[in-house]
Amino acid sequence: MNGILDGLGMWTGNYVAGDNSHQAAVSNGQAFVQKADGWFQFYLQAGAYNIAALGTPFLDTDKTVTKLFGPLPVAFLKLQGQKSLKNTSLLIGELPTLIGAEYTFTFENMNVHRGLLWNQENAINRGIQLNQTIGKFTASLSWNDGFYSNRYSWLTGSLAYTKGPHSLAFVGGGNLGQSAFQTYATPVQNNSQIYNVIYTYTKGHWILQPYFQYTNVPTNAKIGVTKGASTTGGAMLASYAFKHGFSLPVRWEYISSSGSVADGSVNLLYGPGSAATSLTVTPTFQRGGFFIRGDLAYVRARNFTPGDAFSLNGTNPNQPRAMAEFGFIFGNNVVERKP
């Protein structure tokens, strides 16, 4: 049994209509309960959370929980193989996505904000996932509802090779059907295909993680996509751990989208055919369960459609942000005592 309780305060420059320059909220108030041994295992993650993402308006914590994944965002059963099947497992429930290099919740990542590439990815899937490890290879295959659509037409998979400090992963997925259903948690990207190539180097004080991403939303007039579009992006995540609990993560990103306003392409970024770059620096201090960190972030949009960028009228290409997050990670493990 473990948990986290932390809060955040944020300033946003050139904020869009409906947003504010200053925000404060509970970042996480969550409890984690799990059984991680034997053939029958489970994981439950319950409580409040906030998912701040670069280049998008801030959403209050209560609205985030209501509009996204509810008060029990991750909950699954795990059937772990035994003896000759010890490297095989089956997960059923509300699962973290296989897509992307960044995780959903703030405490799981180097940076507080999620990035521009993360904005194109799904986060939580309801479905079933099969995992298999063979030597240095790990593979996963999942049948799920994509962007939390409750329509089970997505197939995603990953294959990773790990040797020493090096890891290389190929990840892909897509909607085998098409749906006009859309909510805050289920955008038009629910009809997309997504592909990642992710390299990770972890050794000593360093973590380095460059990755590439391609997404595509195909044309389908029946669901309102009169002309499809794609995005192509890359990111570099790096972190160096100093002494006495200090570390310095940095993230750089670039993403571009295809199409134009003239040809009626679907908008996946800041207008059809737009692009954006971001830079995030996150100085961090952790001592025991206590941590404090800040995000200094900057996003610049290019080739944007007037009205779809930043500021109250959507015509400013720049958005700076500063955020502080602080709190506690706490808990204990209950284990069987041997006689």
Side-chain angles (χ1 to χ4, degrees), residues 2 32 34-45 73-105 107-110 114-115 117-118 120-147 152 154-176 192-204 206-215 233-239 249 251 333:
N2 303 89
F32 317 112
Q34 63 180 315
K35 180 180 183 294
D37 60 352
W39 70 270
F40 179 80
Q41 304 178 20
F42 63 85
Y43 178 86
L44 301 174
Q45 179 174 329
V74 182
F76 58 84
L77 300 177
K78 180 179 180 180
L79 305 179
Q80 180 64 53
Q82 304 292 302
K83 296 182 180 181
S84 62
L85 296 176
K86 65 180 181 179
N87 294 324
T88 304
S89 63
L90 184 69
L91 281 61
I92 305 170
E94 300 200 31
L95 309 170
T97 183
L98 296 173
I99 302 295
E102 295 185 277
Y103 299 96
T104 300
F105 304 99
F107 62 89
E108 298 176 305
N109 297 280
M110 299 180 188
R114 304 285 56 75
L117 273 64
W118 186 88
Q120 302 296 323
E121 304 163 2
N122 54 42
I124 302 294
N125 308 145
R126 289 174 286 199
I128 185 169
Q129 179 177 313
L130 178 66
N131 303 317
Q132 179 68 51
T133 299
I134 304 175
K136 293 181 172 62
F137 289 92
T138 302
S140 297
L141 187 66
S142 174
W143 180 260
N144 57 72
D145 68 344
F147 286 76
Y152 294 84
W154 267 73
L155 183 67
T156 58
S158 69
L159 177 65
Y161 174 79
T162 301
K163 183 177 182 180
H166 308 281
S167 176
L168 182 64
F170 300 90
V171 187
N175 195 339
L176 302 184
S192 68
Q193 295 89 44
I194 307 176
Y195 303 96
N196 298 125
V197 180
I198 306 168
Y199 168 76
T200 306
Y201 174 83
T202 305
K203 188 174 183 179
W206 283 102
I207 300 174
L208 301 175
Q209 190 175 57
Y211 77 102
F212 168 82
Q213 179 172 284
Y214 173 80
T215 77
M236 178 65 188
L237 287 76
S239 179
R251 178 184 58 210
N333 296 312

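- Listed for the S192 side chain is no donor-acceptor partner under 3.5 Å among the backbone atoms of I194.
- Between atom OG of residue S239 and atom CZ of residue R251 there is a gap of 12.5 Å, rounded to the nearest 0.5 Å.
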Exercise. What do the steps show when you test Y161 against F170 for side-chain contact (heavy atoms from CB on, under 4.5 Å), and what is the final call?
Worked result: CA-CA 9 Å; Y161 174 79; F170 300 90; over 6 Å; no
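- For F107 and F32, the distance between ring centers is under 6.0 angstrom.
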Problem set entry | Evaluation steps, side-chain contact (heavy atoms from CB on, under 4.5 Å), between L85 and K83 | CA-CA 5 Å; L85 296 176; K83 296 182 180 181; over 6 Å; no
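- Residues G127 and L95 approach most closely at O-CD1, 3.8 Å, considering heavy atoms.
- Contact of the Y211 side chain with the V197 side chain is not registered, since no non-hydrogen atoms from C-beta on lie closer than 4.5 Å.
- Two residues are said to be in side-chain contact when any heavy atoms from C-beta on lie closer than 4.5 Å; E94 and V74 fail this criterion.
- Using a distance-only test at 3.5 Å, with no hydrogens or angles considered, a donor-acceptor pair links the side chain of S142 to the main chain of I128.
- Rounding to the nearest 0.5 angstrom, the gap separating the OG1 atom in T97 from the CD atom in Q129 is 8.5 Å.
- Taking CG of L237 as the reference point, atom OG1 of T200 lies at 9.0 Å (rounded to 0.5 Å).
- Counting only distance, with no hydrogens or angles, the side chain of K35 and the backbone of D37 share a donor-acceptor pair below 3.5 Å.
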Problem set entry | side-chain contact (heavy atoms from CB on, under 4.5 Å) between Q120 and Q213, worked out | CA-CA 9 Å; Q120 302 296 323; Q213 179 172 284; 3.8 Å; yes
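- Smallest separation of non-hydrogen atoms from P165 and K203: CB-CB, 4.0 Å.
- Here the rule is side-chain contact (heavy atoms from CB on, under 4.5 Å) with E121, and of V171, I99, L98 only I99 fits it.
- No side-chain donor-acceptor contact under 3.5 Å links D145 to the backbone of N125.
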For this session: Could you walk me through whether L168 and I198 pass the side-chain contact (heavy atoms from CB on, under 4.5 Å) test, one step at a time?
Result: CA-CA 6 Å; L168 182 64; I198 306 168; over 6 Å; no
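- Side chains of N109 and E102: a donor-acceptor N/O pair is absent below 3.5 angstrom, by distance only.
- Note that the OG1 atom of T215 and the CG atom of N196 stand 10.0 Å from one another [nearest 0.5 Å].
- In this structure, a donor-acceptor pair under 3.5 Å is present between the side chains of Q45 and Y43.
- Note: K78 NZ to F40 CZ = 12.5 Å, rounded to the nearest 0.5 Å.
- Across every non-hydrogen atom of G38 and Q80, the tightest pair is O-CB, 3.6 Å.
- Counting non-hydrogen atoms of neighbouring residues, nucleotides and ligands closer than 6.0 angstrom, the OH atom of Y199 exceeds 12 such neighbours.
- Within the 4.5 Å cutoff, the side chain of L208 has heavy atoms near those of the M236 side chain.
- In this structure, I124 and T104 have side chains that are in contact, with non-hydrogen atoms separated by less than 4.5 Å.
- In this structure the side chain of W143 reaches within 4.5 angstrom of the side chain of L176, judged on heavy atoms.
- Contact detail for G173 and W154: the closest heavy-atom pair is C-CZ3, 3.8 Å.
- Atom CG of N122 and atom OG1 of T156 lie 7.0 Å apart (nearest 0.5 Å).
- At distances below 3.5 Å, at least one donor-acceptor pair connects side-chain atoms of E108 with backbone N or O atoms of F105.
- Y195 and Y214 have parallel rings, their planes meeting at less than 30° on a 0 to 90° scale where 60° marks the start of perpendicular.
- Residues satisfying the side-chain contact (heavy atoms from CB on, under 4.5 Å) test with K86, not counting sequence neighbours, are none.
- Side-chain contact between L130 and S140 is absent, with no heavy-atom pair separated by less than 4.5 Å.
- Looking at Q193 and N175, their side chains never come closer than 4.5 Å, going by heavy atoms from C-beta outward.
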